[in-house]
Amino acid sequence: TRSAETLFALRLSLTTSLLAVLASVLLGVPTAYLLARRDFFGRAAIDALLDLPLVMTPLIAGVGLLFLFGDKWLGRTLAQFGIHLLFTPWGAVAAQTFIAAPILTRSCRAAFEAVDRKYELAGQTLGLSPFRVFLKVTLPLARRGLISGAILAWARALGEFGATLMVAGATRFKTATLPISVYLNISSGELGLALACSWVLLFTGLVLLLFLNRFG
């Protein structure tokens, strides 16, 4: 039914986007801290790579991920462990992470750079290890920027279409997130269902923006 398809698309979108944000946090926060606080070989290359998803068309990013997770590249290794990403919901998570992670990393890096290092040095003089300084001092002082970055990344992952379409495909009740459901129903002439999914996506995005205004 129409309502069942809309609810499935909403649940799938929330699940994949939240997993993408979690993966972005795990990858982006340490990377952002290193870029903000450390000078190391390859720093400029990593900095440049972070900009690629931001300037690349999502459809082209999806093509790249399609080849990366294909049988001739990383997909062959993952298949040996029983992991298959292409044309599955996990492919949607991978695509959304690729698009959302740079946004979160950039926001977190700016938040870390805004933290006065004298507070971190004070923590070290009190005997805290670098890791405890990071947990007890740096993270609390940068938390508003981190939360804002996570919300922005979530909103971007939730509305991702091009890369998700290429990697996860467009199958109803399997990989159809809200943006893909809109595309499928417009293509098949189901304008009412497409409009319903659009309104749900718009309302969810509005809620995320309200949270962003609250913490930003």
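- Once rounded to the nearest 0.5 Å, the distance linking CG of Leu14 with CG of Leu158 reads 6.0 Å.
- Applying the side chain to side chain donor-acceptor pair (under 3.5 Å) rule to Ser107 yields no partners; only residues at least two apart in sequence or on another chain are considered.
- How far OG of Ser17 is from CG of Leu208: 8.0 Å, rounded to the nearest 0.5 Å.
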Could you tabulate the donor-acceptor pairs under 3.5 Å formed by side-chain atoms of residues 41-69, not counting sequence neighbours?
unit_1: Arg43; atom_1: NE; unit_2: Leu35; atom_2: O; d: 3.3
unit_1: Arg43; atom_1: NE; unit_2: Arg38; atom_2: O; d: 3.1
unit_1: Arg43; atom_1: NH2; unit_2: Leu35; atom_2: O; d: 2.5
unit_1: Asp47; atom_1: OD1; unit_2: Arg106; atom_2: NH1; d: 2.6
unit_1: Asp47; atom_1: OD1; unit_2: Arg106; atom_2: NH2; d: 2.9
unit_1: Asp47; atom_1: OD1; unit_2: Arg109; atom_2: NH1; d: 2.9
unit_1: Asp47; atom_1: OD2; unit_2: Arg109; atom_2: NH1; d: 3.4
unit_1: Asp51; atom_1: OD1; unit_2: Arg106; atom_2: NE; d: 3.3
unit_1: Asp51; atom_1: OD1; unit_2: Arg106; atom_2: NH2; d: 2.7
unit_1: Asp51; atom_1: OD2; unit_2: Arg106; atom_2: NH2; d: 3.2

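- Judged as a side-chain hydrogen bond (donor to acceptor under 3.5 Å, both in side chains), the pairs with a partner in residues 96-105 (not counting sequence neighbours) are, in order, Thr16-Gln96.
- Clustering of Ile, Leu, Val, Met, Phe, Trp and Tyr side chains at separations under 4.5 Å leaves Leu206 isolated, with no partner residue.
- For Leu18, the side chain to side chain contact (heavy atoms under 4.5 Å, CB included) partners at least two apart in sequence or on another chain are Trp154.
- Legend: residues meeting ring pair (Phe, Tyr, Trp, His ring centres under 6.0 Å) with Tyr33, ordered by chain and number and at least two apart, are Phe112, Phe134.
- Screening residues 149-160 for salt bridge (Lys or Arg N to Asp or Glu O under 4.0 Å), with sequence neighbours left out, gives Arg156-Glu160.
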Check residues 88-95 and write down every donor-acceptor pair under 3.5 Å in which the side-chain atom is one partner and the other belongs to a residue at least two apart or another chain.
unit_1: Thr88; atom_1: OG1; unit_2: His84; atom_2: O; d: 3.3
unit_1: Thr88; atom_1: OG1; unit_2: Leu85; atom_2: O; d: 2.8
unit_1: Thr88; atom_1: OG1; unit_2: Trp90; atom_2: N; d: 3.3
unit_1: Thr88; atom_1: OG1; unit_2: Gly91; atom_2: N; d: 3.4

N/O donor to acceptor pairs below 3.5 angstrom from side-chain atoms of residues 193-205, sequence neighbours left out:
unit_1: Ser198; atom_1: OG; unit_2: Ala194; atom_2: O; d: 2.8
unit_1: Thr204; atom_1: OG1; unit_2: Val200; atom_2: O; d: 2.7

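- Here Leu126 is tied to no hydrophobic group at all, with no ILVMFWY side chain closer than 4.5 Å.
- Atom CD1 of residue Ile180 and atom OG1 of residue Thr164 lie 5.5 Å apart, to the nearest 0.5 angstrom.
- Every residue two or more places apart in sequence or in another chain that forms a side chain to side chain donor-acceptor pair (under 3.5 Å) with Arg37 is listed here: Glu120.
- No donor-acceptor pair under 3.5 Å is formed between the side chain of Ser181 and the backbone N or O of Thr177.
- Among pairs with a residue in residues 163-178, those fulfilling salt bridge (Lys or Arg N to Asp or Glu O under 4.0 Å) read Glu5-Arg172, at least two apart in sequence or across chains.
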